[in-house]
Amino acid sequence: MSDNKKPEKIVGVKGMNDILPADAPLWELFENTVQTVLKSYGFQQIRTPIVEPTPLFARGLGAVTDIVEKEMYSFTDSMNGDELTLRPESTAGVVRAALEHNLTYDGPKRLWYQGPMFRHERPQRGRYRQFHQVGAEAIGFAGPDIDAELIMLCQRLWDDLGLDSIRLEINSIGDADERARHRTDLIAYFEQHRDQLDADALRRLHANPLRILDTKNPAMQALVNAAPKLLDYLGEESRAHFDGVENILRHSNIPYTVNPRLVRGMDYYNRTVFEWVTDQLGSQGTVCGGGRYDPLVEMFGGKPTPACGFAIGVERLLELMKASGEQFTPNQCDVYLVHQGDEAQLQAFVLGERLRDAGLDVVLHCATAAGPGSFKSQMKRADASGAAFAVIIGEDEVSSHTASVKTLRGADGESQQRSVEFDSVAEYLVDQIIGAGHDDGHDHGHVHYKH
Ligand code: ATP
Ligand code: MG
């Protein structure tokens, strides 16, 4: 800098979070569990771009939705004038991709995705401008069976994560003509009580009256509770579909409540809708929302194709995992390699590779701006790394072709040091680690998740 002033720090975008290394074990545990559970139901991962053409969301989500009305990060690509949007959700993108690549030509598909979503909301606990979702989309399935399977899959995920405070609410919002009849009565009902409607509700009265049922305004709860219920308008087929879902859930011992006021934010939903909610996260208590969206593929120009899916809010779920009091001990590695002297450093590089060949995670001490580091400062780093062992190579070890292995986290809390033949260090450490139950023998993940 020519003017000798310290440059100002640039901070991240409001409402968009850095996920720091201290939280990485929690994210990894969650992501690994999700992947295992989805795979166990035969779901295949799909990755679509973060940016999509703006009309995809405008058409897919419906104009009178929170997202399209006020939450989208939309911009004009200054290079070519394209209208683009950072995806606020992934169903539209996944369905676009499925159509574009004709994924369902040989039968229905069970798909899942994960990644960041973007919504311009007021940042608060559990509500961010960049957040993450994991979701599943089952495309080409018409019956209540897949709806129930998606719900059961979620239940298994909560169980595997040790979460027991999440409860299920389900509802049916019927088909378009059933909603139309209900809508007429609903508007008439709200018209009669116009004086009790807030500004949001008045705005939605004719555009999207169903969303009024979703209001969080305490002053309107009595009014919406007494409003005409969609469930009473279901025709025979919709009713049978909903009964089918309930039947499978009951037989599978999945507890649920029917919430006749449950609707979904997006226009494309029909029939089954569901939410997983918890009381432990304050007002942002919905950790997962899903439902059937039979009309969407056709709205995007495809052949009529029934489909059903859900999306999990990852940040909210992780907060719940933290709140459940589970302990995460994020160790950086199994072994920290300490060395003193030029020849010892070269030996340390050789040994490091051998230990990694044996499946161990190894941090080799490297120089900082303060220099290569004294023995003492290297041992401090070894301790801080959370490694079970420090392996030390100094001049003596080089000349005797050995290494010193120091226990940093022995079962009895005591540290021991012993000299091991250089060529036997890997074998020795693997035995020690497996013997001490530090590891399960194949996955050296350092997250010891304690129930
Ligand atoms: P809400 O009523 O809380 O605004 P929504 O109906 O907009 O939720 P969906 O579009 O159904 O939410 O998204 C599915 C899940 O994604 C939500 O249940 C929630 O867990 C999570 N989610 C939605 N918006 C955010 C956000 N801004 N920040 C963090 N998580 C979010
Ligand atoms: Mg929202």
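Heads up: numbering here begins at 1 and tracks the sequence. Treat the numbers as computed from the prediction; the structure is a model and nothing was measured. All values below come from the heavy atoms of this structure, side chains included, with hydrogens, waters and symmetry mates left out. Atoms within each ligand, like the ligands themselves, are counted from 1 in listed order.
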- Main-chain N/O of Gly126 paired to Arg316 side chain as donor or acceptor, under 3.5 Å: yes
- With distance as the sole test, does Glu178 use its side chain to make a donor-acceptor pair with the main-chain N or O of Gly235 at under 3.5 Å? yes
Atoms of ligand 1 less than 4.0 Å from [X] heavy atoms?
{"X": "Val287", "result": "20 (O)"}
{"X": "Gly126", "result": "28 (N), 29 (C), 30 (N)"}
{"X": "Gly313", "result": "15 (C), 16 (O), 20 (O), 21 (C)"}

- Message: Taking side chain to side chain contact (heavy atoms under 4.5 Å, CB included) as the definition, give me every residue that meets it alongside Pro116, ordered by chain and number, with sequence neighbours left out.
- Response: Ile50, Arg87, Phe118, Gln130, His132
- Query: Among the heavy atoms of Lys216, does any lie under 4.0 Å from an atom of ligand 1?
  - Reply: yes
- Any heavy atom of Glu315 sitting closer than 4.0 Å to ligand 1? no
- Message: Applying a heavy-atom cut-off of 4.0 Å, say which part of Asp66 lies close to ligand 1: side chain, backbone, both or neither.
- Response: neither
Between [X] and [Y], does at least one N-O distance fall below 4.0 Å, as a salt bridge requires?
{"X": "Asp106", "Y": "Lys109", "result": "yes"}
{"X": "Asp198", "Y": "Arg204", "result": "no"}
{"X": "Arg271", "Y": "Asp294", "result": "no"}
{"X": "Arg194", "Y": "Glu191", "result": "yes"}

Compare [options] and give the one whose heavy atom is closest to [atom].
{"atom": "atom 25 (C) of ligand 1", "options": "Phe118, Tyr128, Trp276, Phe131", "value": "Phe131"}
{"atom": "atom 3 (O) of ligand 1", "options": "Gln133, Arg127, Glu275, Gln284", "value": "Arg127"}
{"atom": "atom 9 (P) of ligand 1", "options": "Glu71, Arg119, Gln130", "value": "Arg119"}

